[in-house]
Chemist: 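Below: one structure in structure tokens.
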Amino acid sequence: SLAQGLIATASGRFAMMEAVWQEEMDLASRISGRKEEDESEEDTYTQIIEGKEYFCEIALFVNDCICHASLTAATRAECYLLQGEDLLATVSANPTCTSVYCEYARSLVEEYQKMGENYTHVQETLVTKACSQKISLWQMMYPEQKTRFENIDLFGTASEQGSENGEEIEEESLKRKDHLGIFTRRLFSEDASSLSLEEMEEEMVYAIPELDSTMGTHVLFDQENERKRVISANLSTIALTLDRWDLFTEPQNAKVKLSKAEWQELQDIMAWIKPDETQLKAVLVLHSIRPLGKPKSLLSQVPMEHQRPDSAVRWLMWSQPNVVPSVLQLEDTEDSLVKNALRACEIFNFAQMLQGENTPANVSQLYNMMAELEEMDLKFYILYLLGFMSGLAGGKGSVFMNSKNTRSILDCIQHLQRLFDSPPRAVYWGYMESRAKRIGIRLQDRSECALTRLACLCRVTDKEGYIELKNALNFLNWTDREIMVDHFLADGIEVTAFLFEFLPQCLANAKANPYIQLSVMLETLVDLIVHLRSAVLKEAKVKTLFKQYTVNLLDMAEFVGAVQNRFVFQACVARSKVIFKGIEVLVDMSAANWARIGQEDTDLTLVAYKVQEVLRRVKAEKQVTDNSEFLADEDATLNCLL
């Protein structure tokens, strides 16, 4: 049956019967230590519940959750039911509580998705405990000792000194510390052609202790999926370096396998880079350590000024090399390549450019940084990007860089190759033009340029998706469309721009939400742009007006996926809070919005839809006036773009 919410037993005794698969029964009995009352059926498991227990917690966070067990009072007993609406009403008044519960709920839903449909009450209990210990508040209060920097020694020399076999362990550790150089030299020898992916992986993991499957840094910080992606990125980079199409495409489905023509384009980029032993050794280390800037339990130990992921990794390299010991194998030139690439990743988010999320200003920032370095640093950064993108979906080889995904990555990297030869606007809009051609858009006017960027944000890849997007945009009135166009054409160099982080997630969640859909999301996005412009002008009266602001929309993205009332969503910008921290802006949806996500449509809200439309028309002229400070001359802007 469908669970109505969390059930908590309070007193008395209950008989719990649940469907269990035979291989799980022993596990349930062993962990719970409870007596089995009935073993007559192989597919049922009955136990006596005494005292406080809870069941079906996942029903607080998802709809249509199936209850796998039944409770029957065996004595005079008492239990309680907590429903999702009641929990929301309780925690929504406290932003800190809301944040903690959202973090916990995301983790819990992920774990249940991994378990599938068949799980036991014991498994539920274990998952709940594990998820509660993953939230940042718990980790701050009760840090795991094994993840404390001072307790990490991946080579084993510190902990094993003085043991009976200490000399052997120290000798083995010294071998590992020099093995990465030996491995990369072998990859450039005649022997490389005979190496299989399995042999490469074995040698690589031995040479890079962070990747060890039992005691590596990724395992210590519960990053097994990241470890798999790193291995895929490194194997893919090696395959690219050796021109081994067979190894690179080994895990790919035959229907979407990377073509030889696309492989040749990748090899043309590799010929431009001309990777040598130094670059290959450095990029294998960079792939292996960069994801370590993500775990909250690690970041909590890093000084506040370095708590951005890439900055945290650079800090680890010089302050805590025991956490990233592979850096000890790098020569000065290799160390410099890695640190400069981390700086580039901090300044410029390649994935954001792929999706049209960032602006020409970000390309300009990358150019300004690279102009102070050598051409080899740009080539090394692009070598890293090729491997990083190849490893996104894991696999022995590259699952992700298939014929379906490679084209846009190639287009973007080919334009970044021209960083020193073309202005930042030309690099950025050159890439946009290549994306436009592939979905049938001709960049003939301002609106088509803006539509191309919006198509990238909506992950449109074909003509059908483009037509659907254009229809949604046509629902906006003329004034709102012009505001949207001005926003997507603002370059952040001469015209003030907003970089909306997590906007692709907002748009995807809106399309998947039957109460919202894309057209309403675009209306609300216009409201947000107008609201932010007004807030920026007020902020500028007392502080500096910047040319680009990075706006975090993560809270809005989650709200878009959860809200079940169109009018509540349309009115959400007015109830949100905008928090400035220099060039960074946080859009907090606030408790007032979250408390209304489950509100049902009524006659009153239907009237409100109509009033909202009237208000939009009345405000149209005022919006044009308020936003005039942000608008550039249309002809000049179009000339810059094209």
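Counting from 1, the numbers follow the sequence of the chain as shown.
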Chemist: OG1/T359 to CZ/F498 distance, rounded to the nearest 0.5 angstrom?
Modeler: 12.0 Å
Chemist: Is there a donor-acceptor pair under 3.5 Å between the side chain of Q365 and the backbone N or O of F348?
Modeler: no
Chemist: Is D555 close to W594 at the side-chain level, that is, under 4.5 Å between some pair of heavy atoms?
Modeler: yes
Chemist: Could you tell me whether D310 and R290 make a salt bridge, using a distance below 4.0 angstrom between a side-chain N and a carboxylate O?
Modeler: yes
Chemist: Please determine whether a side-chain nitrogen of the Lys or Arg among D491 and K547 lies less than 4.0 Å from a carboxylate oxygen of the Asp or Glu.
Modeler: no
Chemist: So, for F559 and N593, which heavy atoms are closest and what is the spacing to 0.1 Å?
Modeler: CE1-O, 3.4 Å
Chemist: With a 4.5 Å limit on heavy-atom distance, are the side chains of L416 and M353 in contact?
Modeler: yes
Chemist: Could you tell me whether the side chain of S422 and the main chain of V427 form a donor-acceptor pair under 3.5 Å?
Modeler: no
Chemist: Answer yes or no: is there an ion pair linking K511 with E468, defined by an N-O contact shorter than 4.0 Å?
Modeler: no
Chemist: Looking only at atom types and distance, does a side-chain atom of Y431 sit under 3.5 Å from a main-chain N or O of G356, one as donor and one as acceptor?
Modeler: no
Chemist: Please report the closest heavy-atom contact between C506 and V560, naming both atoms and the distance.
Modeler: O-CG1, 3.7 Å
Chemist: Would you say the side-chain atoms of N368 and E372 include a donor-acceptor pair closer than 3.5 Å?
Modeler: no
Chemist: Would you call L419 and V363 a side-chain contact if the rule is heavy atoms closer than 4.5 Å?
Modeler: yes
Chemist: Do the non-hydrogen side-chain atoms of M484 and L525 ever get within less than 4.5 Å of each other?
Modeler: yes
Chemist: So does L476 get a backbone contact from the side chain of D480, meaning a donor-acceptor N/O pair under 3.5 Å?
Modeler: no
Chemist: Taking 4.0 angstrom as the limit, do E201 and K396 come out as a salt bridge?
Modeler: yes
Chemist: So, taking the atom named CH2 in W429 and the one named CE in M432, what distance separates them when rounded to the nearest 0.5 Å?
Modeler: 6.5 Å
Chemist: For a 4.5 angstrom cut-off between non-hydrogen side-chain atoms, does V230 reach N234?
Modeler: yes
Chemist: Is the backbone N or O of R314 less than 3.5 Å from a side-chain atom of K339, with the two atoms forming a donor-acceptor pair by type?
Modeler: no
Chemist: Checking side-chain contact (heavy atoms from CB on, under 4.5 Å) for the pair L240/I269: CA distance, chi angles, key distance, verdict?
Modeler: CA-CA 10 Å; L240 283 165; I269 296 173; over 6 Å; no
Chemist: So does R575 get a backbone contact from the side chain of S590, meaning a donor-acceptor N/O pair under 3.5 Å?
Modeler: yes
Chemist: Sorted by first residue and then second, give each salt bridge (Lys or Arg N to Asp or Glu O under 4.0 Å) pair with at least one member in residues 229-257; sequence neighbours left out.
Modeler: E226-R229, R244-D246
Chemist: Would you indicate whether F420, at its atom CZ, is surrounded by more than 12 heavy atoms from other residues, nucleotides or ligands within a distance under 6.0 Å?
Modeler: yes
Chemist: To the nearest 0.5 angstrom, please state how far the OG atom of S576 sits from the NE2 atom of H531.
Modeler: 4.5 Å
Chemist: Kindly give the heavy-atom pair with the smallest separation between G440 and K463, and that separation in Å.
Modeler: O-NZ, 3.4 Å
Chemist: What is the distance from atom SG of C572 to atom CZ of F567, rounded to the nearest 0.5 Å?
Modeler: 11.0 Å
Chemist: Is there a donor-acceptor contact under 3.5 Å from the side chain of R425 to the main chain of P360?
Modeler: no
Chemist: Are T496 and Y549 close enough that some pair of their side-chain heavy atoms sits under 4.5 Å apart?
Modeler: yes
Chemist: Step by step, would you call E346 with R343 a salt bridge (Lys or Arg N to Asp or Glu O under 4.0 Å)?
Modeler: CA-CA 5 Å; E346 194 172 0; R343 280 181 57 211; over 6 Å; no
Chemist: With distance as the sole test, does N405 use its side chain to make a donor-acceptor pair with the main-chain N or O of F400 at under 3.5 Å?
Modeler: yes
Chemist: Please evaluate residues D445 and E448 with respect to the criterion side-chain contact (heavy atoms from CB on, under 4.5 Å), reporting the C-alpha separation (whole Å), side-chain torsions for both, the decisive distance (0.1 Å), and the verdict.
Modeler: CA-CA 6 Å; D445 57 35; E448 296 293 343; 3.2 Å; yes
Chemist: Taking atom types as modelled, is there a side-chain donor on E262 or S259 under 3.5 Å from an acceptor on the other?
Modeler: yes
Chemist: Please find the pair of heavy atoms, one from L489 and one from C449, that lie closest to each other, and give the distance.
Modeler: CD2-CB, 3.7 Å
Chemist: Using a 4.5 Å cut-off on heavy atoms from C-beta on, say whether the side chain of E584 contacts that of N552.
Modeler: no
Chemist: What's the verdict on salt bridge (Lys or Arg N to Asp or Glu O under 4.0 Å) for R446 and E482, showing C-alpha distance, side-chain angles and the deciding distance?
Modeler: CA-CA 10 Å; R446 299 173 71 250; E482 283 301 297; 3.6 Å; yes
Chemist: Answer yes or no: does atom OH of Y367 have more than 12 heavy-atom neighbours from other residues, nucleotides or ligands under 6.0 Å?
Modeler: no
Chemist: Keeping the roles fixed (side chain from S232, backbone from K228), state whether a donor-acceptor pair exists under 3.5 Å.
Modeler: no
Chemist: Taking C-beta and beyond as the side chain, do V536 and V585 meet within less than 4.5 Å on heavy atoms?
Modeler: no
Chemist: Looking only at atom types and distance, does a side-chain atom of S403 sit under 3.5 Å from a main-chain N or O of V256, one as donor and one as acceptor?
Modeler: yes
Chemist: Of all heavy-atom pairs between G492 and A497, which one has the smallest distance, and what is that distance?
Modeler: N-CB, 3.6 Å
Chemist: If you compare all heavy atoms of C412 against all heavy atoms of L354, which two are closest, and at what distance to 0.1 Å?
Modeler: CB-CD2, 3.8 Å
Chemist: Is the distance between the ring centroids of H287 and Y384 under 6.0 Å?
Modeler: yes
Chemist: For V399, which residues count as a side chain to side chain contact (heavy atoms under 4.5 Å, CB included) partner, sequence neighbours excluded?
Modeler: P251, A393
Chemist: Answer yes or no: are there more than 12 heavy-atom neighbours, outside E374 itself, under 6.0 Å from its atom CD?
Modeler: no
Chemist: Using the rule given for side-chain contact (heavy atoms from CB on, under 4.5 Å), can you reason through M589 versus E558, listing the C-alpha separation, both sets of side-chain angles and the distance that settles it, and then say yes or no?
Modeler: CA-CA 10 Å; M589 298 311 293; E558 293 172 350; over 6 Å; no
Chemist: side-chain contact (heavy atoms from CB on, under 4.5 Å) for R459 and Q355? Distances and angles first, verdict last.
Modeler: CA-CA 7 Å; R459 298 159 185 166; Q355 298 184 118; 3.1 Å; yes
Chemist: Are Q548 and N362 linked by a side-chain donor-acceptor pair shorter than 3.5 Å?
Modeler: yes
Chemist: Roughly how far, to the nearest 0.5 Å, is OG1 of T550 from CD of E357?
Modeler: 10.0 Å
Chemist: Out of T237, L258, I238, L197, which one pairs with F248 under the side chain to side chain contact (heavy atoms under 4.5 Å, CB included) rule?
Modeler: L258
Chemist: Once you round to the nearest 0.5 Å, how far does CG of L373 lie from CG of L378?
Modeler: 9.5 Å
